[in-house]
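In what follows, chains carry the letters A, B, and so on, assigned in the order in which the sequence lines appear, proteins first and then strands, with residues in each chain numbered from 1. The shown structure was predicted, so the numbers you read here are calculated from the model rather than taken from an experiment.
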Amino acid sequence: MKRTVPLIITATVGVVLIVSNFIPAFRAWGEEATTFFSIIAAIAFVLGGGSLLKVHLRKISDRNAGWGYSIVVLGTFFATLAVGLLKIGVTPNPAFPDMPWAGDVQARGTAFWWAYEYTFKPLTSTMFAMLAFYIASAAFRAFRAKNLEAMLLLGTAFIILLGRTFAGYWLTSWIPIDGPFSGLRIEELSVYIMQVFNTAGNRAIIIGIALGIASTSLKILMGLDRSYLGGGN
Amino acid sequence: MRRRLPATTTAVLALLVSGAALSPDAVAAPPPPDSVTAIDRPGDGGGVAEVSWTPAPGDALIVGWQVWRTETDSETGSRDAAERASALAAAESQAYDEAYARLVQVEGIAPEDAAVQARAEARDAVRAIARDPDALETTELGPHGRHWVLVDTVDPEVTSIEVGKLDAADRYSFMVYALEDGPNGGVERSTPSAISAEVAPVAAPVDLRRLPLLVILAVLCGAVLFFILQARSGRTLKIRKIAGLAAVDEAVGRATEMGRPILFVPGIQDMDDLQTVAGITVLGRVAKTAAEYDARIEVPTSRSLVMSAAREAVHASYLSAGRSDSYNPDLIYYVTDEQFGYTAYASGLIVREKPAACFYMGCFFAESLILAETGNSVGAIQIAGTAMPSQLPFFVAACDYTLIGEEFFAASAYLSGQPDQLGSLKGQDIGKILVGITLIIGCLAATVAALTGSSGLEEAVMWFKNSVLSA
């Protein structure tokens with residue numbers, strides 16, 4: 001029973017979504033199904049919040065390594081929750097001046113906006129900025145000319161990198177732009193590699209992915225693949 | 001080539017037209033097109049109308065056409081509400097400025113107190129305006145006594161267009177303006193054409209335009225089902241070895257020997273993404289091996305539903321390994337939905353715990369390289385699998401093994417070894433053969449059409465692109 005009911009729900013919703021693609025009368029059913037997913041995900045957030053509290057409270061009570069960070073996590077969690085739910089600093093919507101709670105919690109100047117703009121955004125930007133250094137270290141390892149394939153990769157990457165800089169343009173600027181060899185200019189070679197070789201490889205991967213998705217979906221709809229439910233019968 | 005302009009209402013249009021007519025440099029306006037007709041596009045999923053018109057006879061100076069449609073009731077309501085909100089906000093701002101200036105400059109009140117009082121006065125002023133229905137002006141009606149929305153501006157040789165993104169539950173009328181080169185490099189617009197009859201862009205019982213997709217789906221599913229039946233009948237199916245999946249035992253074994261944990265990251269998307277489902281499948285297998293080896297596996301998730309599904313999968317794996325007593329649900333926990341918040345946590349975890357094996361199986365974006373490089377820096381054996389083409393190079397560069405696209409989806413069948421599932425992989429191969437044949441035929445047809453200029457082949461290629469590939 002624990003497996004049968006989810007399998008029936010999965011198969012029914014899957015079939016409805018497929019049919020709604022071809023029979024417009026079923027489209028509303030498909031939209032309903034996706035709405036239900038959002039409702040379930042919202043309810044499941046309570047589970048997530050519970051898990052977050054449990055993990056960090058235990059860390060604090062056990063004085064595990066880094067328990068101080070857990071205090072920061074829980075403190076900011078409750079602070080953000082309070083700022084959002086109590087609409088701190090929110091001015092009433094001018095269109096509904098008699099309703100003090102009608103203002104937008106994310107509007108410029110609110111406490112929630114301030115926390116997002118001056119705390120959250122700089123932190124996420126910092127994480128994203130670190131990517132540049134990781135790319136450099138990964139490229140250094142990937143482009144080591146160990147064998148023929150690695151050398152080809154290195155050569156191609158070198159052309160692409162040069163093609164995106166002024167140095168690449170300058171190095172082959174002596175080749176006439178309207179002459180028969182204009183395709184050998186580094187910026188042209190870079191575009192050609194991206195448009196032809198890279199696109200071809202990418203599309204091959206995408207076609208494989210599309211077929212894999214179709215096949216996996218069919219297995220899940222038919223109940224052949226139950227691993228996402230923990231497998232078994 | 002068509003040029004698309006942002007939609008605006010015809011109040012502006014009416015002003016422009018009248019302004020042009022009053023200008024001393026004005027030339028005679030071009031004649032509007034005749035017989036504007038609009039019909040519902042047949043056999044579609046609704047929301048599309050076909051609009052056509054006939055150019056006025058003898059006018060060879062047309063440089064384009066502008067097609068407009070009537071505004072729906074809901075659009076009128078939204079526009080009215082937006083205009084009302086904007087007008088009220090402007091009135092509030094003006095009332096605040098006036099009150100603040102009076103309080104500070106005339107009454108000599110301190111700026112902080114003046115701001116509070118001015119805000120209260122502004123709110124009162126807005127309340128008074130909001131209660132008076134005549135206090136706010138509304139946009140005037142356009143030609144034919146209706147509100148209009150610009151649909152498209154098209155080239156002169158075009159005399160019919162398909163108008164999409166319409167609401168199948170609404171009714172629409174259309175009108176067209178002729179455009180000619182005007183004085184001073186501008187464009188002269190004709191008077192509005194007659195209004196078309198109302199059309200409701202309703203849906204057909206079956207969306208025939210998606211028929212090619214249905215055929216492709218039927219062929220693919222048919223091939224998969226055929227091979228599943230073949231496998232059930234006892235036919236031996238050979239599946240090539242996937243190095244990344246074969247290395248699962250090696251990675252878990254290494255973690256056990258080193259006495260360090262295993263980290264499993266199931267991507268950052270929810271359970272409605274098939275990659276996450278595939279990731280949970282691999283997690284089941286990894287968890288089973290970990291249970292057998294008595295290794296600790298930690299699964300931080302970025303979605304609550306994924307946490308629940310992962311707990312279920314890991315619990316089942318521990319049960320099937322006969323180690324249900326070792327199962328600890330607290331090692332599968334929710335972190336945050338935020339991409340970089342999750343990345344920061346997972347990176348910190350890797351640095352602190354120094355896991356011996358890291359698995360990245362699911363849907364990843366920019367965090368892929370941050371996670372994989374951090375794992376690499378602590379010397380973990382790393383296996384990744386994703387169907388995000390843009391992230392694959394990063395995983396290939398930083399991980400020991402990578403499941404590329406379809407390999408990732410094949411993991412479930414490969415790991416289970418069940419005939420049913422292996423049959424589905426063979427069916428997938430038939431799909432690949434069909435795609436390969438179609439690619440070759442399409443490339444040949446397009447090349448021959450380009451070399452010979454054959455209009456028949458060109459039309460065939462265009463039909464294929466517009467119907468089959470875009471279905």
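In terms of modelled atom types and a separation under 3.5 Å, the side chain of A:Y118 and the main chain of A:K121 share no donor-acceptor contact. In terms of modelled atom types and a separation under 3.5 Å, the side chain of B:Y318 and the main chain of B:A313 share no donor-acceptor contact. The main-chain N or O of B:A82 is never found under 3.5 Å from a side-chain atom of B:S86 such that the two would form a donor-acceptor pair. Listed for the B:E407 side chain is a donor-acceptor partner under 3.5 Å among the backbone atoms of B:I404. Without hydrogens or angle criteria, B:S93 side chain to B:A90 main chain gives no donor-acceptor distance under 3.5 Å. Side chain of B:S424 to backbone of B:Q421: a donor-acceptor contact under 3.5 angstrom is found. Under a 3.5 Å cut-off, the side chain of B:R232 and the backbone N or O of B:D420 do not form any donor-acceptor pair. Using a distance-only test at 3.5 Å, with no hydrogens or angles considered, a donor-acceptor pair links the side chain of A:K87 to the main chain of A:W101.
Closest approach of A:A107 and A:T110 over heavy atoms only: O-OG1, 3.0 Å. Listed here is the closest heavy atom pair of B:G47 and B:A168: N-CB, 4.2 Å. Across A:G208 and B:Q428, no two heavy atoms sit closer than the pair O-NE2, 4.5 Å. When all heavy atoms are compared, the tightest approach of B:A310 to B:I332 is CB-CG2, 3.7 Å.
Contact of B:A366 with chain A is made through backbone and side chain together, with heavy-atom distances under 4.5 Å. In this structure, chain A has a heavy atom under 4.5 Å from the side chain of B:I228, while its backbone stays farther away. For B:S317, no part sits under 4.5 Å from any heavy atom of chain A, backbone or side chain. Contacts between A:L224 and chain B at a heavy-atom distance below 4.5 Å involve backbone atoms as well as side-chain atoms. Only the side chain of B:L439 comes within less than 4.5 Å of a heavy atom of chain A; its backbone N, CA, C and O stay farther away. With a 4.5 angstrom heavy-atom cutoff, B:A413 touches chain A via backbone and side-chain atoms both. Heavy atoms of B:L214 lying under 4.5 Å from chain A belong to its backbone as well as its side chain. Using a 4.5 Å cut-off between heavy atoms, B:L305 contacts chain A through both its backbone and its side chain. The contact between B:E92 and chain A is made entirely by side chain atoms (from C-beta outward), counting heavy-atom distances below 4.5 Å. For B:R311, the part sitting under 4.5 Å from any heavy atom of chain A is the side chain, from C-beta outward, and nothing else. If you measure heavy-atom distances from B:E338 to chain A, the contacts under 4.5 Å come from the side chain alone.
Between the side chains of B:Q275 and B:Q269, no donor-acceptor pair of N or O atoms lies under 3.5 Å.
The side-chain heavy atoms of A:D62 and A:W67, taken from C-beta on, include no pair separated by under 4.5 Å. A 4.5 Å side-chain heavy-atom check between B:F365 and B:Q339 finds at least one atom pair inside the cut-off.
Listed options B:D272, B:L283, B:V277 were ranked by heavy-atom pairs under 4.5 angstrom with chain A; first place goes to B:D272. By number of non-hydrogen pairs under 4.5 angstrom with chain B, the leading residue of A:L52, A:V73, A:D225, A:T124 is A:D225. Most heavy-atom pairs under 4.5 Å with chain A, from the set B:A309, B:A344, B:P393: that is B:A344. For the options A:A214, A:S51, A:A142, heavy-atom pairs under 4.5 Å to chain B are most numerous at A:S51. The candidate from B:A203, B:P389, B:G405, B:A398 with the greatest count of non-hydrogen atom pairs under 4.5 Å with chain A is B:P389. With respect to chain B, the highest number of heavy-atom pairs below 4.5 Å among A:I220, A:I207, A:T126, A:N21 belongs to A:N21. Options A:T91, A:I18, A:V55, A:L131 differ in how many heavy-atom pairs under 4.5 Å they form with chain B, and the most are formed by A:L131. Taking B:I370, B:V435, B:V396, B:D124 one by one and counting their heavy-atom pairs under 4.5 Å with chain A, the maximum is reached by B:I370. Ranking A:I206, A:L123, A:L211 against chain B, the residue ahead of the rest is A:L211, based on heavy-atom pairs under 4.5 Å. Listed options B:L425, B:T276, B:D330 were ranked by heavy-atom pairs under 4.5 angstrom with chain A; first place goes to B:D330. Heavy-atom pairs under 4.5 Å with chain B peak, among A:M222, A:H56, A:K219, A:K54, at A:K219. Chosen from B:V224, B:T343, B:N376, B:L392, the residue pairing most often with chain A at heavy-atom distances under 4.5 Å is B:N376.
Annotation: the span from B:T301 atom OG1 to B:D270 atom CG amounts to 9.5 Å, rounded to 0.5 Å. One distance of note links CE of A:M130 with OG of B:S347; it measures 6.5 Å at 0.5 Å rounding. Atom OG of B:S304 and atom OH of B:Y333 lie 14.5 Å apart (nearest 0.5 Å). Distance check, rounded to the nearest 0.5 Å: CZ of A:R203 to CG of A:N198 gives 10.5 Å. A distance of 8.0 Å separates CZ in B:R209 from CG in B:D207, rounded to the nearest 0.5 Å. Taken from CZ in A:F112 to CD1 in A:I88, the straight-line distance is 11.5 Å, to the nearest 0.5 Å.
Within residues 132-141 of chain A, the residues having any heavy atom less than 4.5 Å from a heavy atom of chain B are, in residue-number order, A:Y134, A:I135, A:S137, A:A138, A:R141. Interface residues of residues 22-38 of chain A toward chain B, defined by a heavy-atom distance below 4.5 Å and sorted by number: A:F22, A:I23, A:P24, A:R27, A:F37. Taking 4.5 Å as the heavy-atom cut-off, the residues of residues 40-50 of chain A that approach chain B are A:I40, A:A41, A:A44, A:F45, A:L47, A:G48, A:G49, ordered by number.
Scanning for side-chain contact (heavy atoms from CB on, under 4.5 Å) contacts around B:L319 gives B:H315, B:S324, with sequence neighbours left out.
Checked for salt-bridge contact, B:K432 and B:E406 meet the test: a charged N lies under 4.0 Å from a carboxylate O.
Checked against the 6.0 Å centroid threshold, A:W113 and A:F120 do not count as a close aromatic pair.
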